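Please read all numbers here as calculations on a predicted model, not as lab measurements.
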Amino acid sequence: MDALTPRLPPDMLRQALKLARTIGDTVAREEARIALTPHLPEELLGEALKAAHAISDEERRAKALVALAPHLPDELLGEALEAALGISEKKWHQMWLEAARATSDSEWRQVMFERAETIRDEEWGQAAFAALAPHLPDELLAKALKATPAISDEERRGKALVALGPHLPEELLGEALDAVRTICDPAARADALAALAPRLPENHLVQLFHAARATADSPPIATSVLPALAAHLPAELLGEVLETGRNLIDRRGRLRVLVALAPRLPDDKRRATYLQALDAACAITDERSRDIELAGLVPLLPAELLSEALHAAAGTKYRSDRALTALAPRLPVDLLAEALDAARRDHFRGEALTALAPHLTAELLAEALKATPAWAEKAVQRGEHGLGDALVALAPYLPENLIPQAVEIGREHGCMGALVALAPRLPKDERQTVYREALDAVRGITYERSLVMPGRNPFQIRILRGIARDQIVENEFVAALAPWLPEELFGDALDAVRMISDEAAQAEALAALAPHLPQALLGDAVDTAAAISNENIRLKLLLRLAELLAGAPGAELHRLWVYLVATPVRWPRAHLLAPEIANLIWALGGSTAAGEAWRWLERVERWWP
């Protein structure tokens, strides 16, 4: 309905709204009304609002009201708000606020705020303040701030203050700071203080710094409050802040304070401060945390410290991919060999190599390619992926003279996914050979839904690490293969899809292949979809094909239409209002067909619910 409705002439919209009311399935009926809402003229919105009022299920009533809110004139908005305020489920209250808070009418903001004040559930109350805060005038912000001490849960009270802080007028910042000080939970208080810090006047910042320095061993103070203060304290305190940061026990806190402070220091101290921050990052014992902190630090470092940053990343035994990815665009040529060596050792070498490959010299690309079989062997011993990831990452950047060697390595290890990634770099005849091998591989997979790994046998495929960053099953393999196939191989590809025994996997593979098929094979693709025995899978695939083939010749669209009409007769009538079918109707006959479709659906309502 949402596809067909915008194309209906105005005189048919009232008829469409009436028709939506006749849909027997409750959920489908409400979805149809929601789809109509953005297109209704103002005189029909009142009728739509009455229909929303009459919905007994609160969840569906809330969804209908949320859909209506942005389109209602002021005289109807109050009525809709009253209906929403009667809904008991707190999450649907919040949905309403999210939709209605942008109203420019100050009276309605006042009403919404007053309603939020009466909410007893603290979680919802805090969420309501957070949703409303950016849109409240100063007088309501003051009331919201006064209401925060009534939130007994300190974590939620802290979140409410974090939401209010950026929007408070200056005269309320002192009161907000007093409210934060009443929070005993260290983490909640630290987050609220960090949110307020950029707004506070200098005298408050200085007081906070001295208080925070006295409790600097607390991790929330070290990692949240002190870094936030360091960026805003007056210049005469920078020496004390630097000393405090250097002496922090918490390594992440030390790193963050030094990073926040470094840009404010004179040149002679800035380099040493960044180096100390780098040392703090290297001292973090958890390797995942170390990699994350290093990746955040790298873009801030001066060029002369990139070598030290690379040494730090290379020293990580398990993973350094985030840090290497951040470093790759900044590394000079003389450091790329070391970076490549670090990527080889990384358990996430595919990600690291993908970042490094565009920057490697021809000599380093040759070295990387030569090393890939050894990487794969070690990876298989550890139960990991290796060769496919490496070859897919390197494929677009290898010099022409290395392509045959890469193909040979891929074939030797049965890594068809990497061969497909290399195929566009091959001469036409060799490219077709690779694609035929790939299609044979698809045919050779006996359990279509299983995860397939490289390096075990010719039919175990892993391709999308460098293409879609996801686990690979054969239907995704077809998706990756389809854009590259020459036209003469699409028939073989369609045959390979037909041989997939799992119908869900077959449907996904056919949907991936369909947009690339030549016109002569479109009918075969539609017939293949229609032959799927599972009605649910068949209907979803036919709808997908209707979306993908909207520009196909009329004969193929008509064939698709016949199959679609035959499939939903055992389904509720609402299935014929799907946007894919509406678009197909429009493609087949334009506005005349759209109008006839509406009249036909109305005529059959008595015997087709």
Item to check | Reported OH-to-CG distance for the pair Y274 and L297, which is rounded to 0.5 angstrom | outcome: 8.0 Å
Next on the checklist: Under the criterion side-chain contact (heavy atoms from CB on, under 4.5 Å), I'd like the reasoning laid out for V241 against L229: C-alpha separation, chi angles, the key distance, then a yes or no.
Outcome noted: CA-CA 9 Å; V241 180; L229 292 172; over 6 Å; no
Item to check | Non-neighbouring partners of E308 that pass salt bridge (Lys or Arg N to Asp or Glu O under 4.0 Å), sequence neighbours left out | outcome: none
Item to check | Contacts of type side chain to side chain contact (heavy atoms under 4.5 Å, CB included), residue Q276, not counting sequence neighbours | outcome: R246, L258
Checklist entry - Between A260 and A230, which heavy-atom pair has the shortest distance, and what is it? => result CB-CB, 4.1 Å
Checklist entry - side chain to side chain contact (heavy atoms under 4.5 Å, CB included) with A216: which residues, sequence neighbours excluded? => result L226, L248
Checklist entry - Is there a side-chain contact (heavy atoms from CB on, under 4.5 Å) between L394 and L402 once you walk through the steps? => result CA-CA 11 Å; L394 294 171; L402 294 180; over 6 Å; no
Item to check | Chi angles and distances behind the side-chain contact (heavy atoms from CB on, under 4.5 Å) call for E154, R189 | outcome: CA-CA 8 Å; E154 293 196 326; R189 184 174 65 250; over 6 Å; no
Next on the checklist: Looking at E171, I want to see if its CD is surrounded by more than 12 non-hydrogen atoms of other residues, nucleotides or ligands under 6.0 Å.
Outcome noted: yes
Checklist outcome for this item: Sorted by chain and number, sequence neighbours left out, side chain to side chain contact (heavy atoms under 4.5 Å, CB included) with R330 holds for L301, L306
Checklist outcome for this item: Heavy-atom closest pair (C282 atom, A312 atom, distance to 0.1 Å) is SG-CB, 3.0 Å
Next on the checklist: In the structure I gave you, are the side-chain heavy atoms of L193 and L177 within less than 4.5 Å of one another anywhere?
Outcome noted: yes
Next on the checklist: Atom CD of residue position E236 - does it have more than 12 heavy atoms of other residues, nucleotides or ligands inside 6.0 Å?
Outcome noted: yes
Next on the checklist: Taking the side chain as everything from C-beta on, heavy atoms only, tell me whether R322 gets closer than 4.5 Å to I292.
Outcome noted: yes
Checklist entry - Heavy atoms, side chains only, cut-off 4.5 Å: are L398 and L422 in contact? => result yes
Next on the checklist: By the definition side-chain contact (heavy atoms from CB on, under 4.5 Å), identify the one residue from L294, L336, L310 that meets it with L327.
Outcome noted: L310
Checklist entry - Atom CG in L145, atom CG in L164: separation rounded to 0.5 Å? => result 6.5 Å
Item to check | Close side-chain approach of R251 to L255, heavy-atom, < 4.5 Å | outcome: no
Checklist entry - Less than 4.5 Å apart, any side-chain heavy atom of V225 and any of L208? => result no
Item to check | Under the side chain to side chain contact (heavy atoms under 4.5 Å, CB included) test, residues paired with R213 that sit two or more places apart | outcome: F209, H210, E240, T244
Checklist entry - What pairs meet the salt bridge (Lys or Arg N to Asp or Glu O under 4.0 Å) rule with one or both residues in residues 173-186, with sequence neighbours excluded? => result K146-E175, D178-R181
Checklist entry - Less than 4.5 Å apart, any side-chain heavy atom of L331 and any of H359? => result no
Next on the checklist: Using 0.5 Å steps for rounding, measure from the CG atom of L353 to the OG1 atom of T325.
Outcome noted: 10.0 Å
Checklist entry - If we only count heavy atoms from C-beta on, is the P227 to V259 side-chain gap below 4.5 Å? => result no
Checklist outcome for this item: Residue pairs meeting salt bridge (Lys or Arg N to Asp or Glu O under 4.0 Å), one or both in residues 265-278, sequence neighbours left out, come to D267-R270
Next on the checklist: Side chains of L238 and L242, heavy atoms from C-beta outward: is any pair under 4.5 Å?
Outcome noted: no
Item to check | K159: partners by salt bridge (Lys or Arg N to Asp or Glu O under 4.0 Å), with sequence neighbours left out | outcome: E155
Next on the checklist: Under the rule for salt bridge (Lys or Arg N to Asp or Glu O under 4.0 Å), what residues qualify as partners of E400, not counting sequence neighbours?
Outcome noted: R425
Checklist entry - Okay, side chain of R290, backbone of I284: is any donor-acceptor separation there less than 3.5 Å? => result yes
Checklist entry - Restricting to pairs with a member in residues 292-306, which pass salt bridge (Lys or Arg N to Asp or Glu O under 4.0 Å), not counting sequence neighbours? => result R256-E293
Checklist entry - Looking at CG of L136 and CG of L141, how far apart are the two atoms once the value is rounded to the nearest 0.5 Å? => result 5.0 Å
Checklist entry - What closest approach, in Å, do L541 and A507 show between heavy atoms, and which atom pair accounts for it? => result CD1-O, 3.5 Å
Checklist outcome for this item: Scanning both residues in full, the closest heavy-atom pair of L426 with E430 reads CD2-OE1, 4.0 Å
Checklist entry - What is the distance from atom OH of Y397 to atom OG1 of T354, rounded to the nearest 0.5 Å? => result 8.0 Å
Checklist entry - So which pairs with a foot in residues 199-211 pass salt bridge (Lys or Arg N to Asp or Glu O under 4.0 Å), sequence neighbours left out? => result none
Checklist entry - What pairs with R157 under side-chain hydrogen bond (donor to acceptor under 3.5 Å, both in side chains), at least two apart in sequence or on another chain? => result T182
Checklist entry - Rounded to the nearest 0.5 Å, how far does CD1 of I151 lie from CZ of R156? => result 9.5 Å
Checklist outcome for this item: Nearest heavy-atom approach of A212 to I221 is O-CG2, 3.6 Å
Next on the checklist: Evaluate L391 against L369 for side-chain contact (heavy atoms from CB on, under 4.5 Å), listing each step before the verdict.
Outcome noted: CA-CA 8 Å; L391 286 178; L369 182 63; 3.6 Å; yes
